[in-house]
Every structure is written in C-alpha cells, then in structure tokens.
Amino acid sequence: MTSGNRESGIGNVDPNNLRCRRVLLMGLGNRQGGLGVARYLIESGADVRVTDLRDEAALAATLADLDGLPIGYTLGRHDEGDFRWADVIVRNPAVPRESSWLALARDLGKRIEMEMTLFFRACPAPILGVTGTKGKTTTTSLLGQMLRERWPNAVVAGNMAVSALGQLPSIQPDAPVALELSSFQLEALDEQHLSPHVGVITNISHDHLDRYPSFDDYAWVKGAVARHQLSENWLVTPDNDPIVEQVIRGAISKRVVFHSTDASSHPHACWISNGRFTGIWDGAAIDFGPVDALRVPGEHSRLNALAAAGAALAMGVTSEEIARSIAAFTGVPHRMEHVATIGGVDYINDTAATAPAAAVAALRAFEGRDIVAIVGGSDKKLPIQPLADELVRIANRVILLDGALTPHLADLLAD
C-alpha cells in the first residue's frame, strides 16, 4: 500500500505509467518541485512539454537546470494547442484549481495530476503528512528528526523547497517519509482520494483567502489529510479544536491528540505537565523530557513538538528517541530563527510568518520583553485586527514596511 487511500479514482489503469504519454507540466516555477516533476516525467518515458506564464528571463535559473533534457516549452503565455495535445496535465500548486485553462482541460477530458498525486502512488514507504495554517515546516522538520533516530535514511520533503518526486530514488520501503503538505497540494490529493498513512493537522486559522472563496472552503481542503485514510491509519490533531473537528468529521482513522494541558482522557495523547512533555499510549504513561530542552521559544513551538511526537509514536518511535530529537532540534530558517545578538539585542527572523496568526504567535513568544516588531507586506485578504491588537498590547515599537497590506494595518494601529 503506497498511501492510506480508499481508492485511486483512476480505475484499473496504472496512473503512474507515463511511458510514451504526452504530458504538459503547467507551471514550472522557481522552486525544486517543478524541477523534480520535470525530471520524473522524463525518467518515466513521457513526452514532456512545459507551459508557464513567466518568460524565459524570469525562469532562467530553473531552465538552466533542465538544459539538455528533451522538453518543449511554451513560455510567457499558455496555448490552447498544448492542452489539446496533452494526454495528462500536471499542474503546479501555484496554479489555482479555478484556472480557466484547467477548466478547458477538464472539458477536453484530460487527466489532471499534481506532484503529490504522482508521489503518493509511487512511494514505496509509509507517508506521514503534516498540514495546518502555521507550524507545518517546524513540525515536519522535527518529525523528520524523530524518524531519523529510528531510521537514519528517513526522508523529509514536500512544501519546503524539497521535491518529493526528486527523493524517490533514495526512499527505502522500510524508512518512512515525512511530508509538509500545503492546502494547494491537498487539493489534488483530495480529488484523487489519497491521504497519508499518518496525517497531522497542527491548527487551522484564516489564511489564503486571496485564493479560496471562504475560510470554510480553505479549512475543508485541510481536512483532506484525513478524509481518505483507512481504519488502520493514524490522525494527529489538537484536542477539542472545533474547526479541526468539523473538517475531519467522518474520518475513520485512529486518533492521537495533543494539548498544552492535560489530555489524559484520550487513549493516545501528548501534553505538557509540570514542565515536561508527557503523554499516554494505550494506558502507559510516557515522558519526552523537559519543556526547557526545546530551544525554539513560544507555546506554539511546544505544540508543534507535541504534534510531531504524536506522529512519531504512531510510527513506533520510542519516547527516548523523541526526547533526544527535541533536545537536539534548533529550529528551521525564517521561523523564529535567532540570527544574532548585538549589543544585548536579540534579532529574530520570522519572515515565514505570512499569516496574522503566525505573527501573533511569535509576538506572544517574546511577551514581556522590549520588542521592536517589523511588519507589513502583501494582502492575503485575511482579518488583521487580531495582529494589530497584539502589536499594540505587546510590542514597544512597530516598524511598517511597504506593501499592499500596510496602509490598512497602519490605520488599525492608529485607531
């Protein structure tokens, strides 16, 4: 079994047999995912063409990495002829599902895939998929560290600039794979009725409302990490989170919950007690060491550690191995990353906090200190009143950077 899916939705035809098929890669991008897909398609024997709205100059670095491969290109535009030519369309996560070009492909009866649908069906190893509005990368990275305590060749990939398809040659059947899964990637998995063997939802709050018509729609997509699991699969979620409970309603997998306080009423749970990461598993108490061993600050970081621990336990990692991983974890770049201490001032890079909820969590992690917050940027159509409230309550000073969101934030701060 290559994933926890109930059905592939493709019938009896092997959907990963792409030899001699005409495949159109829609959206090459500048990250590793597009490169990994293109190379996988060529190695699978497909006749490959790439189409991207960006021109050759904008994609120069990516194109250089593909130089010499037998790939055709339509750049700076899309062409209807390419979509009519193709047997299979592989869309980049940045391409919205409502794209008129995808609508044309559907009208033409074309099969539409994404990197993750191809990967889930090809992966020979158990897959642990981590999603959520914030904490995905940190949780996935820490989970990968926990898995490597047991399986040194465990793979970490996904929505973190690491192509999952590009890792296939190094994946061994007995070593699990930890994937960070964005809502965009989950869209395709949901369409193909695919879910990971172990699914993790860190939390769900407002994000990507510039892409989704409503928060309910965005939240529903997150639930795809559990929607097609089997009864022997595992799902790790916050305890008593009404939004999460709504989107996973009907899931038949086994549950692990995590919480900042006692969650011992559940048979499989992780929480914090008396300054220690602790939990229960089939009636047996477990301990993952002192909370202070985690060097990444903030309650949200501690919850990420508990979520990762729950997923690792579901795979059979021991509490001792989990404790060692927590103590050794130093965080990931751009997420609560300590850059330097100069003249007694700590400089923290949290530029991956692209949703207000993530920025609020970072502020709270340093509450009580003299904080200068540097904020601003693009407008994702998210409610930012909570961020303005916490900036006023916690930060001593605020520096506003230019961006579409900044004038609105400035008005809220002035009010």
Side-chain angles (χ1 to χ4, degrees), residues 132-142 144-145 156 160-162 180 202-203 205 207 260 272 275-277 288-308 323-380 382-415:
T133 301
K134 61 181 187 290
K136 294 187 298 296
T137 302
T138 299
T139 302
T140 306
S141 299
L142 182 49
Q145 194 157 318
V156 179
M160 48 201 314
V162 179
E180 177 185 341
T202 59
N203 48 71
S205 59
D207 200 4
S260 58
I272 295 172
R276 299 187 71 83
F277 292 115
F288 313 122
V291 170
D292 290 345
L294 181 64
R295 285 177 272 181
V296 186
E299 181 182 0
H300 63 303
S301 299
R302 295 189 285 273
L303 290 172
N304 292 338
L306 290 170
R324 286 199 299 269
S325 298
I326 290 174
F329 187 64
T330 57
V332 293
H334 317 299
R335 292 161 176 83
M336 300 290 285
E337 177 187 13
H338 183 268
V339 177
T341 299
I342 303 171
V345 178
D346 291 325
Y347 290 83
I348 308 297
N349 173 10
D350 197 44
T351 49
T354 58
V360 166
L363 286 168
R364 290 174 178 170
F366 297 103
E367 187 169 353
R369 298 185 62 182
D370 185 353
I371 297 175
V372 177
I374 305 173
V375 296
S378 60
D379 188 356
K380 298 168 74 177
L382 305 176
I384 61 168
Q385 184 69 57
L387 173 58
D389 291 342
E390 292 300 85
L391 285 168
V392 169
R393 188 178 71 85
I394 297 175
N396 296 74
R397 281 147 291 190
V398 178
I399 297 172
L400 295 175
L401 301 181
D402 193 20
L405 176 69
T406 304
H408 180 37
L409 180 58
D411 288 343
L412 291 177
L413 292 174
D415 288 342

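Note: hydrogens, waters and symmetry copies are ignored here, and every other heavy atom, side chains too, is used.
The closest side-chain heavy-atom distance from L413 to D415 is not below 4.5 Å. A heavy-atom distance below 4.5 Å is found between the side chains of H338 and I348. Residues L363 and L387 are in side-chain contact: their nearest non-hydrogen atoms beyond the backbone lie under 4.5 Å apart. You'll find the side chain of I399 reaches within 4.5 Å of the side chain of V372, heavy atoms only. In this structure the side chain of P356 never reaches within 4.5 angstrom of the side chain of Q385, judged on heavy atoms. Between S301 and T138 there is no side-chain heavy-atom pair separated by less than 4.5 Å. Side-chain contact between L142 and N304 is absent, with no heavy-atom pair separated by less than 4.5 Å. Put simply, the side chain of V375 reaches to within 4.5 Å of the side chain of L391, judged on heavy atoms.
Side-chain atoms of D346 and T341 form a donor-acceptor pair, as typed in the model, at a separation below 3.5 Å.
For A359 against A353, the heavy-atom pair with the smallest separation is N-CB, 3.9 Å. Across all non-hydrogen atoms, the minimal contact from L294 to A305 is CD2-CB, 4.1 Å. Looking at every heavy atom in both residues, A307 comes nearest to T139 through CB-CG2, 4.1 Å. Looking at every heavy atom in both residues, P386 comes nearest to P383 through CD-O, 3.9 Å. Taking every heavy atom of both residues into account, S205 and T133 meet most closely at N-OG1, 2.8 Å. In terms of heavy atoms, R295 sits closest to A327 at NH2-O, 3.0 Å.
Distance check: T140 OG1 to M160 CE gives 5.5 Å after rounding to the nearest 0.5 Å. Note that the CG atom of D207 and the NZ atom of K380 stand 3.5 Å from one another [nearest 0.5 Å]. Distance check, rounded to the nearest 0.5 Å: OG1 of T202 to NZ of K136 gives 6.5 Å. Summarising the geometry, atom CG belonging to D411 is positioned 7.5 Å from atom NE2 belonging to H408; distances are rounded to the nearest 0.5 Å. Atoms CG and CZ, on D292 and F277 in that order, are 9.0 Å from each other to the nearest 0.5 Å. Rounding to the nearest 0.5 Å places CE of M336 at 4.0 Å from CZ of F366.
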Please report the C-alpha distance between S141 and F329 in whole Å, then the side-chain angles of each, then the deciding distance to 0.1 Å, and finally whether the side chain to side chain contact (heavy atoms under 4.5 Å, CB included) criterion is met. CA-CA 9 Å; S141 299; F329 187 64; 4.1 Å; yes

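The backbone N or O of N349 lies less than 3.5 Å from no partner atom in the side chain of R335, so there is not a single donor-acceptor pair. Checked by atom type and distance alone, the side chain of N203 pairs as donor or acceptor with a backbone atom of K134 at under 3.5 Å. Here the side chain of T406 pairs a donor or acceptor atom with the backbone of L401 at under 3.5 angstrom. Under a 3.5 Å cut-off, the side chain of R302 and the backbone N or O of V291 do not form any donor-acceptor pair.
Identified under the salt bridge (Lys or Arg N to Asp or Glu O under 4.0 Å) test for residues 384-406, with sequence neighbours left out: R364-E390, E367-R393, D370-R397, E390-R393.
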